[in-house]
Amino acid sequence: MLFFRKKGGLSVDFVYIKDVSKYSEKEITIKGWLYNKRSSGKIHFLLIRDGTGIIQSVAVKGEISEEEFQMCDKLTQESSIIVSGVVREDDRSPEGYELSIKHIDIVHISEPYPITKKEHGVSFLMDHRHLWLRSKKQHAILRIRAEAIKAIRDFFDNRGFTLIDTPILTPSACEGTTTLFETDYFGEKAYLTQSGQLYNEATCMAFGKVYCFGPTFRAEKSKTRRHVTEFWQVEPEIAYADLEDIMGWAENLIIYIIERVLEKRKDDLKTIERDTKLLENIKSPFPRITYTEAVDILNKKGEKFKWGGDFGASEEMIISESFDKPVHVTLFPSSIKAFYMKSSPEDEKLALGVDILAPEGYGEIVGGGQREDNLEILEKRIKEHNLPRKAFEWYLDLRRYGSVPHAGFGLGLDRTITWICGIHHIRESIPFPRLLDRVYP
RNA sequence: UCCUCAGUAGCUCAGUUUGGUAGAGCGCCUGACUGUUAAUCAGGAUGUCGUAGGUUCGAGUCCUACCUGAGGAGCCA
């Protein structure tokens, strides 16, 4: 139980730091934590954060009780405090406003805080991720993430899509291409989902336009700045849509997310020193090339790349750096794509799929395409890919009962955030990253 | 799974080349300072040198194995 204003006699409002400008020359109360402290003998500068911002508050000897002035001296970094005082505009304060302290209550004196004002190594910070989130930069990134999630949901909700949650525990692999996390499901094997797509194909036949948005899991032993084992994807699926349609949807979604973040999270982008000019440039139309044209680009730039292979990290980098916007790459060889992808009617060897590569070398952020809607062809594909037919019976039903052309895509949230924030490593884009050899904290 | 680098004070690191009794800055503790901006100034405490072996009169330093972390590749999104 906190004793709110136990030493004050005046009636004052409790406000968040983001709102202090509305309270100039008024007495308010702030509940927060000590971000930093600078002291002279007769004056203390306390930087207080409350999750919405940081404000400098000033305790002057003689202006508050001697007991409370002494208490300020005892405060350690990240101690939790409740402070009352008058909001004043002051050019000398780093934030433009500061609080002249009248009363201070200490809620808890923090033990010596591990994350100090000096630099730290990545490993140490990752071990203290639960505290690192309080730091300015990490705080800004996660607020941008929250805004992007809201933008994604608004985008689909306002355009006639229904959010349908797909299961996380699944009886079999969705694509058969990746390694999955296996769990013991009451004596049977179950796997953490790598995608909600197959279930989306069922729900889009019921609802028309659907999307799922949740965590997905891949047990690949990837050790790069672009991979986490638990990552968030938004996956729309649309009945009666073709490849061309979903390329438009994906492009508009990306633009919508960027616009929203630029509009609502400008301060946070500034905190992380992102060059927003590069983001302001993300407008329609995005360049569109085929896989075959991408191979030409690679070979022109001196890479010896043979038609038919999948792009690795360096290939993706070269292709994406050839453009200053995200680029659609379409019509991959069917042989390197999943079993459910529909082949081009003009060339059986090509799949009606699209990957979107983010600029600045951030790699693939969207993968999608048109799904095979013909029962016989799909049965053949399942056989060719050595997939357990029995597990896909329900999926084949969708081609038996009113099959229609349909298409969808997945957008990787964490990679998108990494790109929007212009940060080096995906691990800072998610609150508690799951990496190869790291599941703590 | 492979390649490269690293592990020394709470944190960031120097010391390793050339073996000879453990160092700095920050943080912490004490004191000074009425406008600080990673505040400053003076003084103080702090170590199983990743682990286990080996070489040597003597190992943080050289050798071997292992553990942990980071960077990258592959795989993958």
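Within every chain, numbering begins at 1; the chains are lettered A, B, ... in the order of the sequence lines, protein sequences first and strands thereafter. Both backbone and side-chain heavy atoms feed into the values below; hydrogens, waters and symmetry mates do not.
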Students often get this wrong, so: under 4.0 angstrom with heavy atoms, is [X] touching a base, only sugar-phosphate, or nothing?
| X | answer |
| --- | --- |
| Thr224(A) | base |
| Ser123(A) | sugar-phosphate |
| Asp310(A) | nothing |
| Gly121(A) | sugar-phosphate |

Short N-O contact, [X] and [Y], less than 4.0 angstrom:
| X | Y | answer |
| --- | --- | --- |
| Glu66(A) | Lys61(A) | yes |
| Arg434(A) | Glu220(A) | no |
| Arg371(A) | Glu237(A) | yes |
| Arg88(A) | Asp90(A) | no |
| Lys150(A) | Asp154(A) | yes |

Where do N or O atoms of nucleotides 29-32 of chain B meet protein N or O atoms at under 3.5 Å, pair by pair?
none

### Query
Near RNA chain B, under 4.0 Å by heavy atom, which residues of residues 418-428 of chain A?
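Contacts with RNA chain B under 4.0 Å: His424(A), His425(A), Arg427(A).
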Searching all strands shown, indicate the nucleotide that pairs with [N] (Watson-Crick or G-U wobble; both distances under 3.5 Å).
| N | result |
| --- | --- |
| U36(B) | none |
| G7(B) | C67(B) |
| C28(B) | G44(B) |
| C62(B) | G54(B) |
| C2(B) | G72(B) |

### Message
Is there a side-chain contact between Asp157(A) and Thr162(A) in this structure, where contact means two heavy atoms from C-beta onward sitting under 4.5 Å apart?
### Response
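Contact flag for Asp157(A)/Thr162(A) side chains = no.
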### Task
Measure the shortest side-chain to side-chain distance between Phe409(A) and Tyr211(A) over non-hydrogen atoms and say whether it is less than 4.5 angstrom.
no
Quick check on [N]: is either OP1 or OP2 less than 4.0 Å from any side-chain nitrogen or oxygen of [X]?
| X | N | value |
| --- | --- | --- |
| Lys221(A) | U1(B) | yes |
| Arg225(A) | G72(B) | yes |
| Arg218(A) | A77(B) | yes |

Considering only [options], which nucleotide approaches the side chain of [X] most closely?
| X | options | value |
| --- | --- | --- |
| His120(A) | A73(B), U12(B), U36(B) | U12(B) |
| Asn36(A) | C75(B), A38(B), A77(B) | A38(B) |
| Val228(A) | A38(B), G74(B), A77(B) | A77(B) |
| Lys223(A) | U36(B), G69(B), G74(B) | G74(B) |
| Asp90(A) | G35(B), A77(B), G74(B) | G35(B) |

Strictly under 3.5 Å: I want the nitrogen or oxygen pairs between protein and nucleotides 5-10 of chain B, one per line.
none

### Task
Look at the rings of Tyr291(A) and Phe332(A) and say which category their plane angle falls in: under 30° parallel, 30 to 60° tilted, over 60° perpendicular.
tilted
### Task
On the 0 to 90° scale, with breaks at 30° and 60°, tag the His128(A)-His130(A) ring pair as parallel, tilted or perpendicular.
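Correct class here is parallel.
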### Task
Check each of Ile272(A), Asp268(A), Leu142(A) against Lys137(A) using the side chain to side chain contact (heavy atoms under 4.5 Å, CB included) test, and report the only one that passes.
Ile272(A)
### Query
Ring centroid separation for Trp249(A) and Phe156(A), is it under 6.0 angstrom?
no
I need the [atom1]-[atom2] distance between [X] and [N], as an integer number of Å.
| X | N | atom1 | atom2 | answer |
| --- | --- | --- | --- | --- |
| Phe231(A) | C75(B) | CZ | C1' | 13 Å |
| Leu435(A) | G69(B) | CG | P | 11 Å |
| Glu220(A) | C76(B) | CD | P | 6 Å |
| Lys74(A) | C28(B) | NZ | P | 14 Å |

### Glu251(A) side chain to Phe286(A) backbone, donor-acceptor under 3.5 Å
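Side chain of Glu251(A) to backbone of Phe286(A), a donor-acceptor pair under 3.5 Å: yes, one is there.
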### Message
Donor-acceptor check, side chain of Thr224(A) to backbone of Arg226(A), threshold 3.5 angstrom: yes or no?
### Response
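Between the backbone of Arg226(A) and the side chain of Thr224(A) there is a qualifying donor-acceptor contact (under 3.5 Å).
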